[in-house]
Structures are given as structure tokens and as C-alpha cells.
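Heads up: the structure comes next, in C-alpha cells.
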Number of protein chains: 2
Amino acid sequence: MPWGIRLAALDRSLISRLPLFQGLTPDEQSEILRSARSSRYPKDSAIFEQETEAHSFFVLVAGHIRVVRTTPDGQQVIARYISEGEIFGVAAALGRTTYPASAIAAVDCVVLAWANALWPELTRRFPAFGATTYKTVGTRLQETQTRVVEMSTEQVEQRVAHALLRLANQTGRKTASGIEIDFPISRQDIAEMTGTTLHTVSRLLSKWEDNGIIVSGRQKVTVKDAHRLVVLAENRDKG
Amino acid sequence: MPWGIRLAALDRSLISRLPLFQGLTPDEQSEILRSARSSRYPKDSAIFEQETEAHSFFVLVAGHIRVVRTTPDGQQVIARYISEGEIFGVAAALGRTTYPASAIAAVDCVVLAWANALWPELTRRFPAFGATTYKTVGTRLQETQTRVVEMSTEQVEQRVAHALLRLANQTGRKTASGIEIDFPISRQDIAEMTGTTLHTVSRLLSKWEDNGIIVSGRQKVTVKDAHRLVVLAENRDKG
DNA sequence: CGGACAATTTGCGCTGGCGCAAACTCGGGA
DNA sequence: TCCCGAGTTTGCGCCAGCGCAAATTGTCCG
């Protein structure tokens, strides 16, 4: 449950730097913001749940969100992570009435939400807003297809290496010892991103740590030698 | 290569029955059609190729199209099949400048094409056209994610069963002996849809044929007992 | 500061499905 | 009609990665 609060005065600076709102004038940004509702979600709470009626779409202002699909028999697959500034839960824009997955706060999050009913008007009045959203959707479709290709053609080791590299690129934070993934991520999470088991992920990370490619701890991974990880990821065993 | 022909008079009846053009008046349909170019593509020819500049988007008027992604080392994965009436190659609508996959005619095809430059105007003047397209995109994103989930959680046998059921539902033709997939599809094709090898697919189909669940021939599969195939597809081994 | 739980590591045995190879068969073109 | 090549079938051996189980290590909370 969010400890939902309608912030007294949403600051335009919250969103003005986001790609989604580029190409809009300050006045337009303020206006869009006025129709938004802001909420905080504590770590591990759900912003929305799979199969439930889609009432809103969202922008992540701060934090990290895990998008999870659960199978009828309870197995979970992580569809993607949402980073700061991204739009998500855009079921409305794609003509769906329910959310196809759940969105879970990986850390405490701040989120803006708009009622789906506002979507048509927003896109009509601010075409750039719709175009950017659809561009994001296009990117996600392509990324998802890339994942299908990886799962079809790569070994587990390559898939896990690819996943780590992607996380490091998208959400990595430079530290003294390397690029650290800046939200808590477990072996189980990585397994659910790559279609393997936490045991296999653990074995791989242990090996890589021995080789000095990464350092890792409890729910934490730091990539020390991205280059060697790339080599592993692209290893052409099965040509 | 298409033996491209600009048909003298495109008949509105070509498209009036398609969901994509529902909600448009006959006049509007005719007008949209006027800005289209029609081409025929013989079996196995490419409508467009992966990574090439996206110049147009398309509607399949007749035939079946295979959408294929090829990896740097030459392995192929079938992203989906396009059936009559579907829109495809909508890179423009999603802000991409190149096609993320190749589209290959699985049989002789008839295709309508519009220059990407027309997209903004078409969606502006015919909002229902854009909405339907984005709904299709949403469906495909969800289907692709479902495929990721299947590849993460199911055994090969279940995945192949699911793939056959999907093909039977989407493009099946009722015959005396069952539901026949009405375009040529090889064991290799099925393998590329499910992330396995043609050998494994062949073994599974042989077994199913022995069990009377399907009958199959060269580039041909007919589902005789869909119900038992569903049981195989949903088999909860790993619960 | 101590307990309890969650996350991680690691060993061991097994097997689903792949790689390789060879035989076979259908269908279409000369 | 015959031949050729693409598509298919099937046997065999192997191994990547899983399932199971148990030990170990952090971390948070009282």
C-alpha cells in the first residue's frame, strides 16, 4: 500500500528533465503535472497488480521498479526493471483494460499517476508526449524480442552475462570498485530475468568473482571488468 | 523480389472487412486506399529486411508472412507469423528508423504498403486507425512477453504444444481430419519458434502422431485432438 | 547482543534435450 | 518417368544445467 499523499505543490522541476516531457513548454509541463497524482510506495509494495483493472498510467520519479509476470502455477518471471524517469503501466495506450504484469517497488519509490481517461486528451493536446510513449513501447517490444532470441540461442552463462551488462548500463552507479547495480537484486531475481535457477546464478557469480570479473554480496553485484563480461556474453560456442 | 505492380484500381472491398479499417466510412476507406501501393511477393521473398531503413508500413491482404530475426552469427528465430488482415512493419509508429526483423512471404502474398511519411497524417485524420494499430502492438508485446515466460518456465514439449495450438487457432483451417495449419511449415520453422532443434521437434511430432494427436507430413501439420494437445501444453511437471 | 530468518553457497546425481551422423522419403522439375 | 535435393526421421552418446539437500553467512529486529 502506498502511503499516498497528494503533494501540496508538485514541482515542475520533478519532470522537466525527463525525456518524456522534453519538447513541452514549462506551462504545458505544469499543466500536465496538475492532472497527476503523486504517491510514495515503500519497498516491496505493488504499484499495480497483474490482471487487475488498469485505471492509471505512471511515471517513476524516484526509485526502481520490478515488472513481474506470474504464471498460473505461481512461477515468476521478471519482465523488466523500470528506472527513474520512465513511463510504465501504459495499458491504456495499447488498448488493454487490465495490466499484463505486476509492478513492484524494488526500493522506496515516488510515482506520478494519471487516470487512463486523461490519455486521449493528453496525446491530442501534446502529440510529442504520445510519440515519446510509443517510442518507449517500441523499444520495449524490441528488447523483449531480443530476450526471446537470447533465450533461444544462448547458453545460460551468456544470458546471465548479458543481463548483468544490461543492468550495469541502465542502472549502474560508478563506484571505486566498479559499476554497481544500484538497487537490491538477489540471485533469485537474476534467475527470473534469465530463465534459470538461483543455484546456477550463484555458481556463475561465484566463478566470476574468483576470476575478478565482479564482486558481489547479499543482493548486490558490482561489475569490475565489463570487458571480460562482454567476452563471456558474446562467446560464440554454438556458431 | 516482388513482381511489383500498381494495381489499376484497388477495390475498397479488399480492406473494408479488415478490423483495422472498421469504424471508417467507405469514403475514408477509399481515400486511405488511394495512398497505398499494392504489391505481390512470391513465396520466400522478403517484404523487408532486418536492419534496413524502414520506409513503409504494410497490411497483409492475402497470404502468410514469417517475421524472422537473425543473430550476428546467423541463427534465426521466428518472431511471429502475420495473417491476412494484419498490419505489420510499423516501425514508423514506434519511432524506429530501421526494421528490427525481416518479413518473409511464407506463401505468395498480396500486400498494401504506405510510405512512413503518411503515418502522422493518417493517424491525425483517422484516430481509430492509430488506436487499432497500437492495440495490435500492445497485443504483440504481451504475446512476446508470454513467450519469454514460456521459455523460462516450460519444457520443450509444452512449448511446442503451445506453439502448435496457437498456430491452429490463428491460422488453422478446418478439414475432415482436423485443424490444418494452412501454410507450409517445416520442423525447422517450429524449432525456430520454440527455441529448440528440428530433431527434437521431429521426435515430438512423431510421438504425437503415434498417439493420434496430430497427423503431419512434409511442411504440414494437422491437429486432430486439440484437447489432448492442451493437456500436454499445460502439463504441470514443474509446479 | 543474540536469535531468527533470508539469502547464498556448494556438493552430488541425474536427465532432458542437444550435437552428430546416417538413412530415408517425398515432391517437383527436366 | 526418373532423378535430385530439401525435408524428415531416428539412433546414439554426452553434458549443461536442474533438482535436491545441507551447510554457511549476513542482516535486521527485538
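Each chain gets a letter, A, B and so on, in the order the sequences are listed, and its residues count up from 1.
For Arg218(A), the listed nucleotide lying nearest its side chain is dG26(D); candidates were dC18(C), dG26(D), dG17(D). Here the side chain of Arg203(A) is nearest to one of dG16(C), dT10(C), dG26(D), namely dT10(C).
Thr197(A) has a side-chain polar atom (N or O) that falls below the 4.0 Å cut-off from OP1 or OP2 of dC18(D). Within the structure, every side-chain polar atom (N or O) of Ser206(A) is placed at least 4.0 Å from both OP1 and OP2 of dT8(C). The side chain of Ser202(B) places no N or O atom within less than 4.0 Å of a non-bridging phosphate oxygen (OP1 or OP2) of dG7(D).
Per the geometry, CG belonging to Leu204(B) stands 13 Å off C1' belonging to dT10(D), to the nearest Å. For Glu157(A) and dC15(D), the CD to C1' distance is 15 Å, given to the nearest whole Å. The interatomic distance linking Glu154(B) (CD) with dG17(D) (P) rounds to 20 Å, in whole Å. If you take CD1 of Ile190(A) and C1' of dG17(D), they are 17 Å apart, rounded to a whole angstrom. Atom CD of Gln155(A) is separated from atom C1' of dC18(C) by 10 Å (rounded to the nearest Å). Note: CD (Glu192(A)) to P (dC18(D)) measures 13 Å, nearest angstrom. A straight line from NZ of Lys207(A) to C1' of dT10(C) spans 15 Å, rounded to a whole angstrom. With rounding to whole Å, Ile214(B) atom CD1 is found 13 Å from dT9(D) atom C1'.
Mapping Ser216(B) and His199(A) onto DNA chain D by nearest heavy atom places Ser216(B) at the nucleotide closer to the 5' end.
Residue contacts shown for Ser186(A) are limited to sugar-phosphate atoms, with no base heavy atom under 4.0 Å away. The residue Arg187(B) sits close only to the backbone: its heavy atoms come under 4.0 Å of sugar-phosphate atoms, none of a base.
Taking the six-membered ring where the residue is Trp, Phe88(A) and Phe58(A) present parallel rings, their angle staying beneath 30° rather than reaching 60°.
Glu86(A) has a carboxylate O that lies under 4.0 Å from a charged side-chain N of Arg80(A), or vice versa, which qualifies the two as a salt bridge.
Note: Ile87(B) CD1 to Leu20(B) CG = 5.0 Å, rounded to the nearest 0.5 Å.
With hydrogens and angles ignored, the 3.5 Å screen pairs a side-chain donor or acceptor of Arg159(A) with a backbone N or O of Glu154(A).
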